[in-house]
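Structure first, then comments.
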Amino acid sequence: NTNTHPMQNGVSYSKTLENEYEDILNIGKIFDVQDRAEAIVNDMKDTITKVEKETKGIKEKPTALILESNKGTFTNYGATSLGGDMVTKLGGKLVNTDSNEMGKEDVITANPDVIFVVYMPYAGDDAEQVKQENLDVILKDRAYGSLSAVKNNRIVPIMLSEMYASATRTKDGIVTFARS
């Protein structure tokens with residue numbers, strides 16, 4: 001997958017929806033199912049276009065963070081990540097465009113309108129339990145109680161597989177981000 005290790009000739013590049021589209025279309029060619037691959041990609045593009053049209057009149061775009069808990073800190077999925085590209089293509093605004101580590105104070109200072117909490121259950125895991133444990137990192141910590149996203153109940157779970165090298169699951173990620 002092009003977005004897994006985005007580097008060509010020693011130069012890094014952003015993880016984007018366009019890369020996912022291209023990968024899906026290439027897989028369609030390999031398996032001689034180009035029509036099905038094109039339908040999948042067109043469905044994703046149509047979803048983004050629909051959201052763009054529906055939100056065109058919104059003057060103040062909602063701000064967002066995409067965070068994955070790392071035992072006391074968070075990995076922030078910024079503008080160069082596929083998740084960040086999805087949010088911005090859907091009209092959202094990342095409050096921290098850098099893909100870096102954030103601490104509690106950084107999250108509180110950012111005070112986004114919505115926080116997407118990344119989680120990933122693995123084989124044998126209870127998916128709902130993993131999701132809730134990751135949400136609880138923010139929801140059960142009183143320090144985050146003043147955040148707009150917490151006050152307005154806009155802490156949204158997103159599975160890692162919907163926004164990292166997601167291929168045909170990309171549509172699921174687009175929908176998760178768009179609904180919030």
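- A 4.5 Å side-chain heavy-atom check between L160 and Y119 finds every atom pair outside the cut-off.
- Under the 4.5 Å side-chain criterion, counting only non-hydrogen atoms from C-beta, M86 is in contact with L17.
- For the pair K93 and P112, the minimum side-chain heavy-atom distance is 4.5 Å or more.
- Both V51 and V41 are assigned to one and the same hydrophobic cluster, defined by single-linkage of ILVMFWY side chains at heavy-atom distances under 4.5 Å.
- Closest approach of L94 to T97, counting heavy atoms only: O-CG2, 4.0 Å.
- Connection of L147 to V117 is established within a shared hydrophobic cluster, with ILVMFWY side chains joined at heavy-atom distances below 4.5 Å, either directly or through further cluster members.
- Among V156, T63, I155, the one residue that satisfies the side chain to side chain contact (heavy atoms under 4.5 Å, CB included) test with I115 is I155.
- Using a 4.5 Å heavy-atom threshold, the side chains of E38 and D35 count as separate.
- There is a path of hydrophobic side-chain contacts, each under 4.5 Å, that joins M159 to V114.
- In terms of modelled atom types and a separation under 3.5 Å, the side chain of N96 and the main chain of D98 share a donor-acceptor contact.
- Summarising the geometry, atom CD1 belonging to I138 is positioned 10.5 Å from atom NZ belonging to K104; distances are rounded to the nearest 0.5 Å.
- Closest heavy-atom contact between G28 and A37: CA-CB, 3.7 Å.
- Contact record, A165 with E20: CA-OE2, 3.6 Å, taken as the closest heavy-atom pair.
- Looking only at atom types and distance, the side chain of T16 has no donor-acceptor partner in the side chain of D85 under 3.5 Å away.
- Side-chain atoms of N100 never come within 3.5 Å of backbone atoms of Y77 as a donor-acceptor pair (strictly under, hydrogens ignored).
- In this structure, CG on D126 lies 10.0 Å from NZ on K131, to the nearest 0.5 angstrom.
- A distance-only check finds a donor-acceptor pair linking the side chain of N134 to the backbone of V130 [under 3.5 Å].
- Atom CD of E54 is separated from atom OG1 of T49 by 11.0 Å, given to the nearest 0.5 angstrom.
- Salt bridge absent: K50 and D46 never bring a charged side-chain N and a carboxylate O closer than 4.0 Å.
- L139 and V118 fall into different hydrophobic clusters, where Ile, Leu, Val, Met, Phe, Trp and Tyr are joined by side-chain heavy atoms under 4.5 Å apart, directly or via other members.
- If you take CD1 on I108 and CE on M102, they are separated by 10.0 Å, rounding to the nearest 0.5 Å.
- Proximity of Y21 to K45: side-chain heavy atoms (C-beta onward) are separated by under 4.5 Å at one or more points.
- Counting only N and O atoms by type, the side chains of S148 and D113 include no donor and acceptor under 3.5 Å apart.
- By the 4.5 Å heavy-atom criterion applied to side chains, L82 and Y164 are not counted as neighbours.
- Between I66 and G84 the shortest heavy-atom distance is CD1-N, 3.7 Å.
- L67 and Y144 fall within a single hydrophobic cluster, where Ile, Leu, Val, Met, Phe, Trp and Tyr side chains are chained together by heavy-atom contacts under 4.5 Å.
- Looking only at atom types and distance, the side chain of E128 has no donor-acceptor partner in the side chain of Q132 under 3.5 Å away.
- Contact record, K61 with G91: CD-O, 3.1 Å, taken as the closest heavy-atom pair.
- Side-chain contact between N76 and F74: absent, with no pair of heavy atoms (C-beta onward) separated by less than 4.5 Å.
- Rounded to the nearest 0.5 Å, atoms OG1 (T47) and CD (E52) are 11.0 Å apart.
- Judged by distance alone, with hydrogens and angles left aside, the side-chain atoms of T170 form a donor-acceptor pair with the main-chain N or O of A167 at under 3.5 Å.
- Taking 4.0 Å as the cut-off between side-chain N and carboxylate O, K89 and E18 count as a salt-bridged pair.
- The minimum heavy-atom distance linking N19 with S14 is given by the pair ND2-O, 3.3 Å.
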Could you go through residues 171-180 and list every donor-acceptor pair under 3.5 Å that involves a side-chain atom there, pairing it with any protein atom two or more places apart or in another chain?
| unit_1 | atom_1 | unit_2 | atom_2 | d |
| --- | --- | --- | --- | --- |
| K171 | NZ | D43 | OD1 | 3.3 |
| K171 | NZ | D43 | OD2 | 2.8 |
| T176 | OG1 | E162 | OE1 | 2.8 |
| T176 | OG1 | D172 | O | 3.0 |
| S180 | OG | T176 | O | 3.4 |

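- Side-chain contact check for I24 versus M44: some heavy-atom pair is nearer than 4.5 Å.
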